[in-house]
Number of protein chains: 2
Amino acid sequence: MTIAEVSQKYDISADTLRYYERIGLIPPVPRTPGGIRDYDEESCGWIELMKCMRKAGVQIEALIEYVALFQKGDVTIDARKELLMEQRNQLVDRMAEMQESLDRLNDKIERYEQGLMTKEKLLQRMKQEREKGQS
Amino acid sequence: MTIAEVSQKYDISADTLRYYERIGLIPPVPRTPGGIRDYDEESCGWIELMKCMRKAGVQIEALIEYVALFQKGDVTIDARKELLMEQRNQLVDRMAEMQESLDRLNDKIERYEQGLMTKEKLLQRMKQEREKGQS
DNA sequence: GTAGCACCTGGAGTAAACTCCAGGTCAAGA
DNA sequence: TCTTGACCTGGAGTTTACTCCAGGTGCTAC
């Protein structure tokens, strides 16, 4: 597969694909004799994995380290597992924070829906109460 | 409250607090006659809200717009609600992506746990099979 | 009233993750 | 063979969200 095809398949720019390879986020992609990238299934697998991880906010740094460990072979299995668990924990934490934010957003939206959200409205109401009381 | 106190309270640097105000992520903070920031409860509320939203990955751009709308008063209530809903939807989408990534991480970790994960191991096993067959 | 520390502003610098570009190769069609 | 369009590399530029700094001001304690 050419870089253009892979780019289209995963909706990642060719520049980004080259960049990912350059920094070691994916292992070296096979080349034609002319030096042009010829992505195989394995390369695509890496790309898909990284797309998934990156969308979830996993740091490129950590992913590069994972790939480096992977390329060092079986002796790094424990280290790789460790790394994945660390990333999973961070992910779980981030999701919890997002849930908090989501609850809050839903709350705010609901209050807007009921038309009693804004401080302005509340202040206005209080003012009206005061005026009523005085009259 | 001084900026140092607020900084400590929310674990946000004074520089960041000034930056947030400068770019309009929070409305202007009240000042002492000498020009020094004197955060009141309302300011703190904004800061806390923004801390929560930022941690969840909500773009500063959108939050600035929300604050701007807020400061324009009641006529912007619909627009604000719209904005919040848009952000909520994005948040929900991101969380779904993260869940996907989390599932995948858990899957990978589990396979490492069972010691049958690595392609190396699989290849090795296949090689052994072949050798056995040949001998 | 002056030393010293926290605070102020405007602007420059930084980190992460791309994104773009110049100048040069590769390869398929006319 | 020549053209043309996709691809190559190394390096510079961009965006987002801070973070740092220089030069100056405001309080508080001596």
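Note: hydrogens, waters and symmetry copies are ignored here, and every other heavy atom, side chains too, is used. Every value quoted in this text rests on a predicted model; they were computed, and no experiment measured them. Below, read A as the first sequence line, B as the second, and so on, with proteins coming before strands; counting in each chain starts at 1.
- Within the structure, a side-chain polar atom (N or O) of Thr16(B) is placed less than 4.0 Å from OP1 or OP2 of dT19(D).
- Comparing Gly35(A) and Gly57(B) by the nucleotide of DNA chain D that holds the closest heavy atom to each, the one mapping nearer the 5' end is Gly35(A).
- Between dT16(D), dC18(C), dC7(D), one nucleotide has an atom nearer to the side chain of Tyr19(A) than all others, and that is dC18(C).
- In the interface, the side chain of Arg22(B) is paired with the base of dG11(C) through a donor and an acceptor atom under 3.5 Å apart.
- Within 4.0 Å of Ala14(A), counting heavy atoms only, lies no atom of the nucleic acid at all.
- Spacing between atom CD of Glu61(B) and atom P of dT16(D) amounts to 7 Å, rounded to whole angstrom units.
- Rounded to whole Å, atom C1' of dA27(C) lies 16 Å from atom CZ of Arg31(A).
- Atom C1' of nucleotide dA27(C) and atom CG of Asp38(A) are separated by 14 Å, given to the nearest angstrom.
- Between Met1(B) atom CE and dC7(C) atom P there is a gap of 12 Å when expressed in whole angstrom units.
- For dT9(C), one of the phosphate oxygens OP1 or OP2 lies less than 4.0 angstrom from a side-chain nitrogen or oxygen of Arg37(B).
- Remark: Gln59(A) is not in phosphate contact with dA15(C), judged by side-chain N or O atoms under 4.0 Å from OP1 or OP2.
- Within 4.0 Å of Ile23(A), counting heavy atoms only, lies no atom of the nucleic acid at all.
- Checked against the 6.0 Å centroid threshold, Trp46(B) and Tyr39(B) do not count as a close aromatic pair.
- Looking at the side chain of Asp15(A), the nearest of the listed nucleotides dC21(C), dC7(C), dA17(D) is dC21(C).
- A close approach under 4.0 Å does occur between a side-chain nitrogen or oxygen of Tyr20(B) and OP1 or OP2 of dC18(D).
- In the set dA17(D), dA27(C), dG26(D), dG26(D) carries the atom at the smallest distance from any side-chain atom of Ile36(B).
- Residues Gln99(A) and Asp103(A) have side chains that bring a donor and an acceptor to within less than 3.5 angstrom of each other.
- Neither OP1 nor OP2 of dT19(D) sits under 4.0 Å from any side-chain N or O of Arg18(B).
- Whole-Å rounding puts the Ile3(B) CD1 to dT19(D) C1' distance at 13 Å.
- In this structure a side-chain-to-backbone donor-acceptor pair under 3.5 Å is present from Lys51(B) to Tyr10(B).
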### Task
Evaluate the side-chain hydrogen bond (donor to acceptor under 3.5 Å, both in side chains) criterion for residues Tyr66(A) and Arg80(A): first the C-alpha distance (whole Å), next the side-chain angles of each, then the deciding distance (0.1 Å), finally the verdict.
CA-CA 6 Å; Tyr66(A) 179 77; Arg80(A) 274 184 263 165; 4.8 Å; no

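- Between the NZ atom of Lys51(A) and the C1' atom of dA17(C) there is a distance of 16 Å, rounded to whole Å.
- Minimum interatomic distance between Ser101(A) and Leu91(B) (heavy atoms only, all atoms of both residues): OG-CD2, 3.7 Å.
- Contact annotation: Thr2(B) does not reach the phosphate of dA6(C) (side-chain N/O to OP1 or OP2, under 4.0 Å).
- With rounding to whole Å, Leu17(B) atom CG is found 13 Å from dT9(C) atom P.
- Here the CZ atom belonging to Arg37(B) is positioned 6.0 Å from the CZ atom belonging to Arg18(B), to the nearest 0.5 angstrom.
- Regarding Leu25(A), its CG atom lies at a distance of 10 Å from the P atom of dA17(C), rounded to whole Å.
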